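Scroll down for the structure; my scribbles are underneath it.
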2 protein chains.
Amino acid sequence: MKSTSNLDVLTEALRRLPGVGPKSAQRMAFHLLQHDRDGAALLGRALLQAVEHVRHCTLCNTFTETAVCETCLDPERDPSLLCVVETPADQLMIEQTLTFKGLYFVLMGRLSPLDGIGPKDIHLEKLIARATDGVVSEVVLATNFTNEGEATAHYISEMLKARGLQVSRLARGVPVGGELEYVDAGTIARAMLDRRST
Amino acid sequence: MKSTSNLDVLTEALRRLPGVGPKSAQRMAFHLLQHDRDGAALLGRALLQAVEHVRHCTLCNTFTETAVCETCLDPERDPSLLCVVETPADQLMIEQTLTFKGLYFVLMGRLSPLDGIGPKDIHLEKLIARATDGVVSEVVLATNFTNEGEATAHYISEMLKARGLQVSRLARGVPVGGELEYVDAGTIARAMLDRRST
Ligand SMILES: [Zn+2]
Ligand SMILES: [Zn+2]
């Protein structure tokens, strides 16, 4: 076990993954080197490729490999409707309900003062610029129905209403305390159809 | 979320890690790209470096970056004692007890017929060659005290005794069903001192 500096470096690096402690990191390193070196090489290359090529859409802020993502470029979508979500996963969930044909803005987070996550960290200046382009007429807030998601929705609502925009929120069909990612598409569909002005 | 092929590739590749399902993989990918690109690049390089440089010690089978590991090359160790463990982590635990000054053989696994893991997968031919070098006089079996670890110890014990070697097993100070990695060093120390002939 001495001299294995590359193994030690790998074990330490695996701890950069969220939710991975020292024991898990060690097990992952052993597993990859003992049973899945192809997987290790594949993951290594995937990480470097993603870091090099994945960036943020200049319009909606989601992950993309081009300046503007495919969704934002889709001419079939209604540019007067803008749906604000916390993550790309949440956007995907809403897309699956087939109830929304507008465009998106992805915060890539939520306000969380206790964790030091403020308005700048969730790109609210970029959202204001996007929502006040003169084309958007309604902003649908689809942040999670957790405390932080609700506070984020409230903050954004006040901010955008002060700029004369119509703002709505998904109806409370989504269970209180629930995270969109884990709610069934039917519930989200109803909540989208029942969205209310705020 | 479309066009992000490198993100999809990364998410899929993260599932090669043991215990990581589709949701965890997605969260890990988002986290790295959003909050820790340095960590992602570090991990990517560490994986490729480890795959390229880490191999197995020709004598004890553990991970090493040289033909023979430092432990096997240590002239202070008693070459007549050979301790058989399942993993490098188990070896490290035994080292920490300071009760064993011999050499090791690391199986990198355990017999598990239900998972299709047989004698060849845990390098038993390499172990026989190692244990019958004419210098080793006692083999201490320190596989886990799980069903599979016990079966592995029994199998190895019969195999080595048939070749005239003295074989011992860590005393049952280790709780039945316990895994060495999670047992305190004091218990392992007692079990090492109380090891019994099999
Ligand atoms: Zn976009
Ligand atoms: Zn060695």
Side-chain angles (χ1 to χ4, degrees), chain A residues 1-7 9-20 23-24 26-54 62-66 69-71 74 87-89 91-92 95 106 108-109 181-182, chain B residues 1-7 9-20 23-24 26-54 62-66 69-71 74 87-89 91-92 95 106 108-109 181-182:
Chain A
M1 284 292 288
K2 292 172 201 159
S3 289
T4 52
S5 57
N6 277 309
L7 176 57
V9 167
L10 172 58
T11 306
E12 199 51 45
L14 283 163
R15 297 194 54 193
R16 300 291 278 261
L17 296 170
V20 175
K23 286 276 180 192
S24 302
Q26 196 180 56
R27 279 171 183 262
M28 286 174 168
F30 288 172
H31 171 83
L32 290 174
L33 289 171
Q34 186 64 23
H35 301 293
D36 193 13
R37 286 183 177 236
D38 287 351
L42 186 83
L43 177 55
R45 288 190 301 267
L47 283 159
L48 298 177
Q49 286 292 310
V51 166
E52 188 177 340
H53 295 294
V54 177
T62 198
F63 293 123
T64 177
E65 299 187 21
T66 48
C69 76
E70 274 188 33
T71 306
D74 184 351
T87 68
Q91 177 181 343
L92 210 61
E95 283 294 287
V106 185
M108 295 288 179
E181 210 179 324
Y182 297 99
Chain B
M1 282 293 288
K2 292 172 203 160
S3 288
T4 53
S5 59
N6 277 309
L7 176 57
V9 167
L10 172 58
T11 305
E12 199 51 45
L14 283 163
R15 297 194 55 193
R16 299 293 277 261
L17 296 170
V20 175
K23 286 277 181 191
S24 301
Q26 194 179 57
R27 278 169 184 260
M28 285 174 168
F30 288 172
H31 171 84
L32 290 173
L33 290 171
Q34 187 63 24
H35 300 294
D36 193 13
R37 286 183 175 238
D38 287 350
L42 187 81
L43 177 54
R45 288 190 302 268
L47 283 160
L48 297 177
Q49 286 291 310
V51 167
E52 188 178 339
H53 295 295
V54 177
T62 197
F63 293 123
T64 176
E65 298 187 23
T66 48
C69 77
E70 275 189 32
T71 305
D74 184 350
T87 68
Q91 176 181 344
L92 210 60
E95 283 294 287
V106 185
M108 295 288 180
E181 213 179 314
Y182 297 100

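All chains are named by letter (A, B, ...) in the order of the sequence lines, taking the proteins before the strands, and each is independently numbered beginning at 1. The structure presented is a predicted model; accordingly, all values stated were derived computationally and were not measured.
- Between chain B and the residues A:G39, A:A40, A:G44, the most heavy-atom pairs under 4.5 angstrom are made by A:G44.
- Side chains of A:E65 and B:N6 form a contact here, defined as non-hydrogen atoms less than 4.5 Å apart.
- The choice from B:K23, B:H53, B:H35, B:R45 that makes the most heavy-atom pairs within less than 4.5 Å of chain A is B:K23.
- Residues B:L17 and A:L17 have side chains in contact (heavy-atom distance under 4.5 Å, counting atoms from C-beta outward).
- Between B:A89 and A:Q26, the closest heavy-atom pair is CB-OE1, 3.4 Å.
- Interface summary for chain A: among B:Q34, B:Q49, B:E12, the most heavy-atom pairs under 4.5 angstrom belong to B:Q34.
- Between chain B and the options A:A29, A:G109, A:A13, A:S24, the largest number of non-hydrogen pairs under 4.5 Å is found for A:A13.
- Proximity to chain B is limited to the side chain of A:L32, based on heavy atoms less than 4.5 angstrom apart.
- For the pair B:L42 and A:R16, the minimum side-chain heavy-atom distance is below 4.5 Å.
- Proximity to chain A (any heavy atom under 4.5 Å) is shown, for B:R15, by neither the backbone nor the side chain.
- The shortest non-hydrogen separation linking B:P88 to A:F30 is CB-CZ, 3.7 Å.
- Within the 4.5 angstrom heavy-atom criterion, atoms from both the backbone and the side chain of B:L33 approach chain A.
- Heavy atoms closer than 4.5 Å to chain A are found in the side chain of B:V20, but not in its backbone.
- Residues A:R37 and B:A50 come closest through the heavy atom pair NH1-O, 4.3 Å.
- From B:M28, atom CE reaches atom CG of A:L43 across 10.0 Å, with rounding to the nearest 0.5 Å.
- Taking 4.5 Å as the limit, some side-chain heavy atom of B:L48 sits within range of a side-chain heavy atom of A:L48.
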